[in-house]
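Quick one: the structure is below, questions incoming.
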Amino acid sequence: MEIPKYTTTSHFKTDFCVQMANYVLLQEPLKTGSNLVISPLSIHVLLSLIATGSKGRTLQQLLFHLGSRNVEDLILRSSDMIAVALPAAAVDDERNNLTGGPTLSFINGAWIKEGLKMKSSFEEIVKEVYKAIAKEVDFENKTDEVIDEINSWAEKATKGLIKSLLPENCLEGIEEKTRLILANALYFKGTWAQIFDVSGTQHRDFYLLNGQTVQVPFMTISPALHLYNSFDGFKILKIPYRNGQDIRLFSMYFFLPDAADGLRNLANRFYSIPGFFNQEYMLKHEDLTAHFWIPKFKFSFEFEASETLEKLGLDLPVSAIHAEITEMVDSPMRLVVAKMYHKSCIEINEEGTEAAASTAVIMIQQQSRYPIPSFVADHPFMFMIREEKSKVVFFLGAVLNPLSES
């Protein structure tokens, strides 16, 4: 079966950040055999915030890549997207989840140079739309304290999963020029609609891209009720999470190439089809597979994204000469994106999934510069977690070695 053409009824457009994840996968992870997980949602929201503080060609470039017509449209979409990632209204606290659905949290933050004020219009968006905290800090004289504060903020928001979002030396050489740091933190914990029986877990072979084989704990369900489909060269499996009274519907998808060494071809295929992960694709009907085995895994991934943005055509926000980020602070200075850090982690086991992500951007003063259905994921594969109604992609990644924690 051929991949269907891209169609979607969703007004959310995270295609660029999904494409970024595929691009990153095609670089270092496939060369080194390391795992990958990225949150398109986290990166998209932060890029949207940068767009609201930009103008001219920089704003138009951001709007184009983020799939919005204008700033008003972008703000509306961002507000709706953030709402999808917020805790359900019926959740009182961690011990009293009345919805029975996934535990979710998503927060944003802004740290601005002491004595510098945000423009009132941007500050209103930061606080009202992005629900962000905003705080003045001394980047120049209290560099380590500021970094520690932001890292502690991200760690607390992700329940200890994301540590050291900002590297120790991330402001080295730019302390005097740093004007603003924007960040967000996302947390997700979901229970499978049909929990795997721990007694059924057993070690099986997993075939690495370098030809080696490792023994990995695989989970199974019997009978295995899920949604499955096969295409030319790969198969897709969808496993839903328990939603209880929550109106949102979350699922995890597994994309398994037919060939044991087929991950690069699959990633190239998805990279060449923007919007693939948001289309109404793939799943024909509920079915029982003859063989159903998924490896347990737990790992984290981090990267600095500013160079990747530039290579994907979003170069103006990171251009020391051409960036037009002028609508954030109440000053004639222009800002430019110096660094963008992203960290994500994920664990899946018999009970469900726990995942977290955090993104931070450092803004500095601009300078002149089809057979019997079976699904045995015993070789490298891709995965995605998305909310089904909005089609928002929360996490996207690839497992190249389930035993590796990176």
Side-chain angles (χ1 to χ4, degrees), residues 6 8 10-24 40-82 108 110 118-126 128-130 132 179-184 271-275 277-278 304-340 342 359-369 391-393:
Y6 171 56
T8 180
S10 170
H11 67 284
F12 294 116
K13 298 287 187 180
T14 57
D15 297 352
F16 174 75
C17 297
V18 169
Q19 190 177 36
M20 176 190 288
N22 277 285
Y23 175 84
V24 175
L41 167 64
S42 173
I43 297 175
H44 183 99
V45 168
L46 203 52
L47 289 175
S48 297
L49 188 53
I50 293 172
T52 62
S54 303
K55 69 175 186 179
R57 291 177 56 237
T58 301
L59 171 60
Q60 293 306 313
Q61 189 182 73
L62 280 159
L63 290 174
F64 172 79
H65 283 88
L66 296 175
S68 290
R69 299 184 299 274
N70 49 49
V71 173
E72 291 74 19
D73 177 55
L74 181 69
I75 292 173
L76 176 62
R77 294 186 186 203
S78 296
S79 179
D80 290 344
M81 189 177 294
I82 291 169
N108 292 274
M118 290 185 187
K119 287 190 174 182
S120 58
S121 56
F122 183 70
E123 184 175 20
E124 181 180 1
I125 293 171
V126 166
E128 298 300 322
V129 177
Y130 291 84
R179 297 294 180 265
L180 186 64
I181 294 180
L182 304 172
N184 61 37
Y271 178 72
S272 66
I273 308 176
F277 292 102
N278 278 331
E304 199 282 299
S306 59
E307 185 177 337
T308 302
L309 293 177
E310 191 171 6
K311 289 183 176 179
L312 290 176
L314 191 54
D315 60 318
L316 293 180
V318 300
S319 170
I321 299 175
H322 301 295
E324 298 169 278
I325 306 176
T326 61
E327 307 306 304
M328 290 187 177
V329 297
D330 194 9
S331 167
M333 73 179 67
R334 293 187 177 193
L335 301 183
V336 61
V337 174
K339 298 287 183 180
M340 177 180 281
H342 181 79
T359 307
V361 60
I362 298 174
M363 315 287 297
I364 64 172
Q365 183 175 348
Q366 190 183 66
Q367 303 295 307
S368 300
R369 190 219 93 129
K391 305 299 186 293
V392 172
V393 179

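This chain uses plain numbering: 1 for the first residue, then up along the sequence.
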- Report yes or no: does Arg77 contribute a side-chain atom to a donor-acceptor pair with the main-chain N or O of Gly67 at less than 3.5 Å? yes

- Message: Is it the case that the side chain of Asp73 and the backbone of Ser68 share a donor-acceptor pair, with hydrogens and angles ignored and the cut-off at 3.5 Å?
- Response: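 No; judged by distance alone, with no hydrogens or angles, the pair does not exist.
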
- Item | CG-CG distance between Asp15 and Leu66, expressed to the nearest 0.5 angstrom | 10.5 Å

- Please round to the nearest 0.5 Å and tell me the distance separating atom CZ of Phe122 and atom CD1 of Ile325.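 Atom-to-atom, Phe122:CZ and Ile325:CD1 are 9.5 Å apart.
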
- Query: Below 4.5 Å, heavy atoms only, C-beta onward: do Val45 and Thr359 meet side chain to side chain?
  - Reply: no

- Query: Say you draw a straight line from CG of Leu41 to CG of Leu46; how long is it, rounded to the nearest 0.5 Å?
  - Reply: 11.0 Å

- Item | Chi angles and distances behind the side-chain contact (heavy atoms from CB on, under 4.5 Å) call for Leu309, Met20 | CA-CA 8 Å; Leu309 293 177; Met20 176 190 288; 3.1 Å; yes

- Report, as yes or no, whether the 6.0 Å neighbourhood of atom OH on Tyr23 holds more than 12 heavy atoms from other residues, nucleotides or ligands.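 Atom OH in Tyr23 is packed in, count exceeds 12.
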
- Find out whether Met328 and Met118 are in side-chain contact, i.e. whether some heavy atom of one side chain is under 4.5 Å from a heavy atom of the other.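 No, their side chains stay 4.5 Å or more apart.
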
- Item | Side-chain (Glu304) to main-chain (Lys339) donor-acceptor, under 3.5 angstrom | no

- In Å and rounded to the nearest 0.5 Å, what is the CG to CG distance from Leu180 to Leu335?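 The CG atom of Leu180 sits 6.5 Å away from the CG atom of Leu335.
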
- Message: Just verifying a value: how many Å separate Met340 CE and Glu307 CD, rounded to the nearest 0.5 Å?
- Response: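 That separation rounds to 14.0 Å.
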
- Query: Does the side chain of Asn108 come within less than 4.5 Å of Ile82's, by heavy atoms?
  - Reply: yes

- Message: Using side-chain heavy atoms (C-beta onward) and a distance below 4.5 Å, is Leu47 in contact with Leu314?
- Response: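 Yes - at least one pair of side-chain heavy atoms lies under 4.5 Å apart.
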
- Query: Within the distance-only criterion (no hydrogens, no angle test), does the side chain of Ser48 pair as donor or acceptor with the backbone N or O of His44 below 3.5 angstrom?
  - Reply: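 Checked: pair present.
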
- Kindly assign one of parallel, tilted or perpendicular to the pair His65 and Phe16, based on the angle between their ring planes and the thresholds 30° and 60°.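 If you compare the ring of His65 with that of Phe16, the planes turn out perpendicular.
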
- Task: Would you check if Thr14 and Lys391 make a side-chain contact, meaning some heavy-atom pair closer than 4.5 Å?
- Result: no

- Message: With a 3.5 Å distance limit and no angle check, can you tell me whether Gln61 reaches the backbone of Asp315 through a side-chain donor-acceptor pair?
- Response: yes

- Message: Taking the basic N atoms (NZ, or NE/NH1/NH2) and the acidic carboxylate oxygens, is any pair closer than 4.0 Å for Lys119 and Glu327?
- Response: yes

- Message: Is the shortest side-chain heavy-atom distance between Arg179 and Met363 below 4.5 Å?
- Response: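 Contact flag for Arg179/Met363 side chains = no.
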
- side-chain contact (heavy atoms from CB on, under 4.5 Å) between Thr58 and Thr326, intermediate numbers included: CA-CA 10 Å; Thr58 301; Thr326 61; over 6 Å; no

- Message: For Ile50, is there any backbone N or O sitting under 3.5 Å from a side-chain donor or acceptor partner on Ser54?
- Response: yes

- Would a 4.5 Å heavy-atom cut-off, applied to side chains only, mark Leu59 and Glu324 as touching? no

- Query: Do any N or O atoms from the side chain of Thr52 and from the backbone of Leu49 form a donor-acceptor pair under 3.5 angstrom?
  - Reply: yes

- Message: To the nearest 0.5 Å, what is the distance between CG on Leu312 and SG on Cys17?
- Response: 9.5 Å

- Looking at Pro317 and Val336, what are the two nearest heavy atoms and their distance? O-CG2, 3.3 Å

